[in-house]
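Heavy atoms only: backbone and side chains are in, while hydrogens, waters and symmetry mates are out. Chain letters run A, B, ... following the sequence lines, proteins first and then strands; every chain starts at 1.
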Amino acid sequence: MSTKPPARLGLPDLGVGVGMRIPHYADLLDGPEPARMDWLEIISENFMLPGGLPRYNLGRALSRYQLVQHGVSLSIGATEALDLEYLRKLKALIGETKTPWVSDHLCWTGAHGVNLHDLLPLPYTEEAVKHVAARARQVQDILGVRLLLENVSSYLTYTSSTMTEWEFLTAIADEADVGLLLDCNNIYVSSFNHGFDPRDFVDGVPHARVAQIHLAGHTNYGKYIIDTHSAPVIDPVWQLYRQAIERCGPVSTLIEWDDDIPPFAELCAEAEKARVIRDEVARDRAA
Amino acid sequence: MTAPREPMDAVMAFLEPAFRRVDPLAGDAAIAGEVAAHVTGNSRLTPAEQVDIYRRQYWLRHLDALADDYPGVAHLVGEEAFDVFLRAYLVAYPPRHKSLRDLGCDIVTFGDGYAFADDVQAAAREMLAYEHAFIDLFDGAEPPPLDPQKLTSIPEDAWERARVVIHPLLVHRRVRFPVHRLRLAAKDSDAAPRTEPPALAPANLVLYRDDNLIRFEELDGTAFALLDALARGEALGPACEQVAATLDAAAAEQLGAQVGPWFQQWTARRWIVDVVV
Ligand SMILES: [Fe+2]
């Protein structure tokens, strides 16, 4: 890129949101007033369906909240052809939700016609950069909205990798001209599993391309950490978040909690912590 | 589209089947060299142990998803036998769809050829098919509702040849075992584990969606036969004649008076979505 892109690639800062999950539907959708939440993230695949309860609830959510679509099945790193039928359905949903961007993971989810339903890391190679960047560009063109790619948590590294994960992410984002969804918990998990300094990751990505941040909890098994989204965000991840906001400016932030889901009030308290950090960084900036 | 991708292909060709292996890679000396060619490992974990993290997650994720969809089968065959069944299914039919919703797309076929314990074999297969029907019913497309004006505009003498269109998601089937009640019992977290094999209790079941919730209803044999004929596309007159032909004289006599109330009831439940003359 010869010219530096604008902050967040010109995408809006939506404030702090949470993932829309079934145990919280009563809190989010049934009360007389919407919950005090800036925005909600939905898993696209859960609503790419013809009818029934999921579609009904989507309609209710859309009447109350700004929704942003986050996907898990794009498999941008797979070597099989892009699934055009999937993209057609995804685009149809984008038309309904008016999501300002759409995100998915920098990963592969299967091969040889098998779908492993996992977010599998790619080898960090020039070959993979070229392959993924070409596909990401194509997907972004088809969908007609900005695509953000998210760094995943990983539990293995490849002998064939020739660069760091943040160099890999940067090279793809620059070459494809896509945005980044920076997951601070995933950075932490991978840094523990692979022994790098997570602060180098946050410093190393192109900050103007970061248009969304994820925060979540994980499970530490001693020899490795798994990204379970089943616990509060830990302090070192909050510190990475602060560092990211300092580098990137205010960025739409989302708390993910998918297992052992707490009462809605507890989730709101996590969101509030993110707001406090954003406000503190903004004050420091102004001073 | 892009440059040759041999190294990426090689990584995926090795890892895709490795991630869904039944047995751990760690400790398998025959494969250690190949794992180490692709995966680095670290000071705490060998390359095989790193791959095994994904392998364990693969099984947990898919077994959990299937257990959510088929609780009645688990209740019938017992948790242990159910786990063995699901693992065998996933080996025979690895996941091919993007959504976990479709994970069980071949499970009824697989179950038809699978040997459950003798005393639950028939009930388990019937339950599998019954529970599988919930998946499409849950999120299938809703057709436009029946237009009441259209009904009133149908001339009296046209009803005979009218085709009554049944909701495309409605499932009707004769079952030999009370799968609908057994499934409810299975979903009740306080339910005691089943101790006796299920007893035969034939029923004519209708499974349908109302106000986005899935409900079942038992019909008597005559009503069920009429619904079945209509769902097959028979016009109302011939459908009634077919049903009447299976009844004794007294019952056939009554049929004419029963059809009206059934029609009203089925319309109210949105089982009937159109009438075409
Ligand atoms: Fe994330």
Can you name the closest pair of heavy atoms from [X] and [Y] and give their distance?
{"X": "B/Tyr54", "Y": "A/Tyr155", "answer": "OH-N, 2.9 Å"}
{"X": "A/Leu116", "Y": "B/His62", "answer": "O-CE1, 3.3 Å"}
{"X": "A/Gly52", "Y": "B/Asn212", "answer": "C-OD1, 3.2 Å"}
{"X": "B/Gln50", "Y": "A/Thr157", "answer": "OE1-N, 3.8 Å"}

Which distance, rounded to the nearest 0.5 Å, do you find between the [atom1] of [X] and the [atom2] of [Y]?
{"X": "A/Lys130", "Y": "B/Met8", "atom1": "NZ", "atom2": "CE", "answer": "12.5 Å"}
{"X": "A/Asp118", "Y": "B/Arg55", "atom1": "CG", "atom2": "CZ", "answer": "13.0 Å"}
{"X": "B/Gln57", "Y": "A/His117", "atom1": "CD", "atom2": "NE2", "answer": "14.5 Å"}
{"X": "A/Leu156", "Y": "B/Asn42", "atom1": "CG", "atom2": "CG", "answer": "10.0 Å"}
{"X": "A/Leu53", "Y": "B/Arg209", "atom1": "CG", "atom2": "CZ", "answer": "9.0 Å"}
{"X": "A/Glu80", "Y": "B/Met12", "atom1": "CD", "atom2": "CE", "answer": "9.0 Å"}

Proximity breakdown for [X] and chain A, heavy-atom pairs closer than 4.5 Å:
{"X": "B/Leu100", "result": "both"}
{"X": "B/Arg61", "result": "side chain"}
{"X": "B/Ala36", "result": "backbone"}
{"X": "B/Phe138", "result": "both"}

Quiz item: For A/Asn115 and B/Arg96, what are the C-alpha separation, side-chain angles and deciding distance, and is it a side-chain contact (heavy atoms from CB on, under 4.5 Å)?
Solution: CA-CA 5 Å; A/Asn115 197 315; B/Arg96 296 199 166 269; over 6 Å; no
Quiz item: So which of B/Leu213, B/Val51, B/Leu15, B/Ile214 has the largest heavy-atom pair count under 4.5 angstrom toward chain A?
Solution: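 Most pairs with chain A among the choices: B/Leu15.
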Check whether [X] gets within reach of chain B through its side chain, its backbone, both or neither, counting any heavy atom under 4.5 Å.
{"X": "A/Ser161", "result": "neither"}
{"X": "A/Leu74", "result": "backbone"}
{"X": "A/Asn46", "result": "neither"}
{"X": "A/Tyr158", "result": "both"}

Exercise. Would you kindly check if the NZ (Lys) or CZ (Arg) of B/Arg44 is within the cone defined by 45 degrees around the ring axis of A/Tyr221 and under 6.0 Å from the six-membered ring centre?
Key: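 No, B/Arg44 does not lie over the aromatic ring of A/Tyr221.
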Quiz item: So with a 6.0 Å cut-off around CD of A/Glu85, is the heavy-atom count from everything else above 12?
Solution: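 Check passes, neighbour count above 12.
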Quiz item: Considering residues, nucleotides and ligands other than A/Ile22, do more than 12 of their heavy atoms fall under 6.0 Å from its CD1?
Solution: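 Incorrect, the count does not exceed 12.
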Practice problem: Give a yes-or-no answer on whether the side chains of B/Thr40 and A/Thr159 include a donor-acceptor pair shorter than 3.5 Å. | Solution: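 Looking only at side-chain atoms, A/Thr159 and B/Thr40 do not form any donor-acceptor pair under 3.5 Å.
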Self-check item: Leading residue by heavy atom contact count with chain B [cutoff under 4.5 Å; candidates A/Ile226, A/Thr125, A/Val72]
Solution: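 Among the listed options, the one with the most contacts to chain B is A/Ile226.
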Quiz item: When only pairs under 4.5 Å are counted, which of A/Leu120, A/Asp83, A/Val114, A/Asn193 shares the most heavy-atom pairs with chain B?
Solution: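 That would be A/Val114.
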Quiz prompt | Note, A/Glu127 side chain near B/Pro7 side chain (heavy atom, < 4.5 Å) | solution =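 With C-beta onward as the side chain, the pair touches.
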